[in-house]
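Nothing here was measured: the structure is a model prediction, and the numbers come from that model. FYI, side chains are in, hydrogens and waters are out, and symmetry mates aren't considered; it's all heavy atoms of this structure.
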Amino acid sequence: MKKIFIALVMFCCACSSKAQQQSEAMDLWTQAAGVVMRNFPTTDSLEYVVDLLSQAIDKDPSNTQIYLDKVKFLGKLGEYDEALNTLSIVADKDPNSSMVPFLQGVIMENKGDSLAAQSYYAKSLVLYDKKNGNSSNVYDQLGRATIQLMLYQPVDLNIQKMDIPDNEPMELIQYHVSRLENFDRQEFLSSVF
């Protein structure tokens with residue numbers, strides 16, 4: 001009985017430690033978001049954000065969203081190779097993520113390798129469809145349309161065929177649809193990084 005009690009105490013301590021690290025990671029992530037919101041993105045502030053996100057990853061290496069945010073800021077700094085290395089970690093942790101090959105495509109396009117970019121976008125579309133199927137959710141439709149546009153494919157964005165949550169402002173949906181209907185590839189690429 002004593003051995004079971006000791007094992008239980010050790011398990012609870014390990015869980016408490018993990019929860020503490022996840023909490024610290026979220027604090028660092030929030031701090032990074034605050035830096036971005038308070039500062040016009042300078043190289044120094046972007047490097048600081050990358051450092052905060054790296055610390056957050058050290059605290060909670062299972063949170064792939066922190067990695068993806070780090071990739072976006074590495075891209076803004078032009079650190080494409082480090083961004084690709086970070087994406088390979090995310091791909092290992094979440095092999096079904098359509099965001100990983102999408103961001104790899106954006107990086108390759110920014111590096112001037114359009115052929116590799118198209119290959120990544122195609123993989124992203126396959127993974128996106130695998131996850132979302134024939135969803136009529138408005139955000140699933142907009143996400144799929146974005147990938148299609150990066151593949152130079154035509155899109156059909158009919159708002160009447162989309163499932164729009166009741167509390168979602170129609171003006172916001174119309175804005176997103178309008179941006180995709182008037183898609184500017186270079187503007188989009190610069191907005192990602």
message = Looking at every non-hydrogen atom in both residues, tell me the closest pair between Pro101 and Gln104 and how far apart they are.
response = CA-OE1, 3.2 Å

task = Determine whether Gln153 and Leu125 make a side-chain contact, defined as any pair of heavy atoms from C-beta on separated by less than 4.5 Å.
result = yes

ask   = Linking I/L/V/M/F/W/Y whenever their side-chain heavy atoms sit closer than 4.5 Å, directly or via other members, would Leu151 and Leu180 fall into one cluster?
value = yes

key: No-hydrogen, no-angle side-chain donor-acceptor test under 3.5 Å, Ser62 and Lys93   = no

request  = Apply side-chain contact (heavy atoms from CB on, under 4.5 Å) to Asn96 and list each qualifying residue two or more places apart in sequence or on a separate chain.
outcome  = Asp94, Leu127, Lys130

ask   = Which pairs, with at least one residue in residues 184-193 and sequence neighbours excluded, count as a salt bridge (Lys or Arg N to Asp or Glu O under 4.0 Å)?
value = Glu109-Arg185, Arg179-Glu187

request  = Sequence neighbours left out, what pairs pass side chain to side chain donor-acceptor pair (under 3.5 Å) with at least one residue falling in residues 110-119?
outcome  = Asp81-Lys111

key: With Tyr121 via ring-ring contact (aromatic ring centres under 6.0 Å, His included) - residues at least two apart   = Phe102

inquiry  = Filter on salt bridge (Lys or Arg N to Asp or Glu O under 4.0 Å), then keep only pairs touching residues 132-145, sequence neighbours left out; what's left?
reply    = Asp129-Arg144

query = What is the minimum heavy-atom distance between Gly105 and Ala117, and which atoms define it?
reply = O-CB, 3.2 Å

remark   = For Met150 and Leu189 the tightest heavy-atom approach is CE-CD2, 3.7 Å

query = Which atoms form the tightest heavy-atom contact between Ala145 and Leu157, and what is the distance?
reply = CB-CD2, 3.7 Å

ask   = Taking the side chain from Ser190 and the backbone from Gln186, do they hold a donor-acceptor pair closer than 3.5 Å?
value = yes

query = Going by heavy atoms in the side chains, are Leu74 and Leu46 under 4.5 Å from each other?
reply = no

inquiry  = Taking Tyr120's backbone N and O only, do any of them form a donor-acceptor pair with Ser124's side chain (distance below 3.5 Å, no angle check)?
reply    = no

message = Tell me which pairs pass ring-ring contact (aromatic ring centres under 6.0 Å, His included) where either residue lies in residues 155-183, with sequence neighbours left out.
response = Phe183-Phe188

key: Set of side-chain contact (heavy atoms from CB on, under 4.5 Å) partners for Asn158, sequence neighbours left out   = Asp156, Gln160, Lys161

key: Atom pair CG/OH of Leu53 and Tyr67 - distance to nearest 0.5 Å   = 11.5 Å

task = Please answer: with hydrophobic residues joined when any side-chain heavy atoms are less than 4.5 Å apart, are Val126 and Val155 in the same cluster?
result = no

Under 3.5 Å, sequence neighbours excluded: what are the donor-acceptor pairs made by side chains of residues 163-170?
unit_1	atom_1	unit_2	atom_2	d
Asp163	OD2	Ser136	OG	2.5
Glu168	OE2	Tyr139	OH	2.6

query = If you measure from NZ on Lys70 to CD1 on Ile89, what distance do you get to the nearest 0.5 Å?
reply = 7.0 Å

With sequence neighbours excluded, residues passing side-chain contact (heavy atoms from CB on, under 4.5 Å) with Gln141 = Met162

note = Here the gap from Thr43 atom OG1 to Glu47 atom CD, rounded to the nearest 0.5 Å, amounts to 6.0 Å

request  = For Lys131, enumerate each residue passing the side-chain contact (heavy atoms from CB on, under 4.5 Å) test, keeping only those at least two apart in sequence or located in another chain.
outcome  = none

key: Separation between OH of Tyr128 and OG of Ser97, rounded to the nearest 0.5 Å   = 11.5 Å

key: Inter-residue atom distance Lys76.NZ - Thr42.OG1, 0.5 Å rounding   = 12.5 Å

Spacing of CD1 belonging to Ile107 relative to CG belonging to Leu87, to within rounding of 0.5 Å = 5.0 Å

